[in-house]
Amino acid sequence: RNPNETYVAANGGYIYFMSNPSAAVTVLTDGSVSTQNLTDIRGAGRTIVAVGASNAVLVSNNDGRTWTLVTGPAVGVTLNTVEVINDDIWYIGANNGKSFYTVNGGDTWVEMTPDSSITVVNRIRFVDDIVGYMVVTLSASGRLYRTADNGYSWHHDGGVGASCHYDSDYWQKALSQVSPQSVLQEF
């Protein structure tokens, strides 16, 4: 993908595209597929996935030209984050503290929540196909989990407390040291 390309998931089911930061905005979907507010969008190859309120999962397999609604993993729950590894493997984090993955493009979902005390899954990002990070909230404190086995197991090494919000400097510094490219760089 061209690093200048930007996809934006927005309220009312709208998804926008800009070919570069100074380009005009193109509407890819106008709320006709879903009217739910969208919270995150990611992609790999030609597959783009957007998630949002009320279990909304929108997918395009042709660079955003057409979109379909896929049944998400958590009925009635806001999905906060999505990470797309390839056409089939996606990770989703929800506002109810649960996290899920699919290996078949959203046909079925498997829960992978690393700790039952998690109240919100804020962000999931992978550095490559194997190493990933999950930022969560437990009551009022933040925690960073990592996986080194494609998301099959997640580990917390300590060090993040009440002062760590998922978009804080700690989060950005921790992930930017993992890879030359910031994992926070949006799709």
Side-chain angles (χ1 to χ4, degrees), residues 1-70 72 78-95 99 101-102 105-106 120-137 142 144 146 151 164-187:
R1 286 220 176 261
N2 180 335
N4 289 323
E5 292 180 344
T6 302
Y7 291 82
V8 178
N11 288 341
Y14 275 72
I15 298 176
Y16 303 98
F17 171 76
M18 291 181 294
S19 59
N20 66 62
S22 63
V25 175
T26 302
V27 176
L28 297 179
T29 184
D30 61 0
S32 57
V33 177
S34 172
T35 59
Q36 299 301 323
N37 294 339
L38 301 175
T39 56
D40 197 18
I41 188 167
R42 298 288 282 180
R46 299 188 69 200
T47 300
I48 305 166
V49 180
V51 298
S54 296
N55 198 37
V57 179
L58 282 72
V59 62
S60 172
N61 292 312
N62 56 16
D63 294 318
R65 286 195 300 277
T66 59
W67 293 85
T68 57
L69 193 60
V70 173
T78 295
L79 305 176
N80 294 333
T81 183
V82 60
E83 180 67 299
V84 178
I85 303 302
N86 58 40
D87 294 344
D88 296 318
I89 301 173
W90 316 335
Y91 298 88
I92 286 181
N95 206 39
S99 53
Y101 70 91
T102 180
V120 177
V121 177
N122 298 301
R123 191 68 72 214
I124 299 172
R125 293 295 183 255
F126 273 71
V127 178
D128 54 30
D129 294 353
I130 297 170
V131 178
Y133 294 86
M134 182 186 311
V135 178
V136 303
T137 301
L144 178 66
R146 67 177 170 76
C164 177
H165 189 290
Y166 78 92
D167 61 358
S168 71
D169 288 340
Y170 178 88
W171 161 240
Q172 294 180 30
K173 287 177 188 174
L175 292 183
S176 66
Q177 293 174 12
V178 173
S179 163
Q181 298 176 329
S182 172
V183 185
L184 295 177
Q185 178 183 352
E186 291 300 320
F187 169 63

For the residue pair Thr47 and Asn86, establish whether any side-chain heavy-atom pair is separated by less than 4.5 Å.
-> no
For the side chain of Asn20 and the backbone of Asn4, is there at least one donor-acceptor N/O pair under 3.5 Å apart?
-> no
Would you say the side chain of Arg125 lies within less than 4.5 Å of the side chain of Thr81, judging by non-hydrogen atoms?
-> yes
Could you pull out the closest heavy-atom pair between Val136 and Asn122, with the gap in Å?
-> C-ND2, 3.4 Å
Hey, could you give me the OG/CZ distance between Ser60 and Phe17, rounded to the nearest 0.5 Å?
-> 11.5 Å
Could you please spell out the steps behind the side chain to side chain contact (heavy atoms under 4.5 Å, CB included) verdict for Thr6 and Tyr16?
-> CA-CA 8 Å; Thr6 302; Tyr16 303 98; over 6 Å; no
Met134 side chain near Glu83 side chain, heavy-atom distance below 4.5 Å | no
pair Asn62-Arg46: side-chain heavy atoms closer than 4.5 Å = yes
Distance (rounded to the nearest 0.5 Å) between Asp88 CG and Thr102 OG1 | 7.5 Å
Answer whether the closest heavy-atom distance between the side chains of Val8 and Ile41 falls below 4.5 Å.
-> no
Would you indicate whether the side-chain heavy atoms of Leu58 and Gln36 approach each other to under 4.5 Å?
-> no
At their closest point, which heavy atom of Gly52 faces which heavy atom of Thr39, and how far apart are they?
-> CA-OG1, 3.7 Å
State, to 0.1 Å, how close Val121 and Gly93 come at their nearest heavy-atom pair, and which atoms those are.
-> CG1-CA, 3.5 Å
Check whether any side-chain N or O of Asn37 sits under 3.5 Å from a backbone N or O of Ala53 as a donor-acceptor pair, and report yes or no.
-> no
Heavy-atom check, side chain of Ile89 versus side chain of Tyr91, under 4.5 Å | yes
Scanning both residues in full, the closest heavy-atom pair of Asn80 with Arg123 reads O-NH1, 3.7 Å
What heavy-atom pair brings Ser34 and Leu69 nearest, and what distance separates the two atoms?
-> CB-CD1, 4.1 Å
Please examine the side chains of Tyr14 and Asp30, heavy atoms only from C-beta on, and report whether any two atoms are closer than 4.5 Å.
-> yes
What heavy-atom pair brings Val70 and Gly106 nearest, and what distance separates the two atoms?
-> CG1-O, 3.4 Å
Thr26 meets the side-chain hydrogen bond (donor to acceptor under 3.5 Å, both in side chains) criterion, sequence neighbours left out, with none
Could you go through the side chain to side chain contact (heavy atoms under 4.5 Å, CB included) check for Val25 and Met18 one step at a time?
-> CA-CA 5 Å; Val25 175; Met18 291 181 294; 3.7 Å; yes
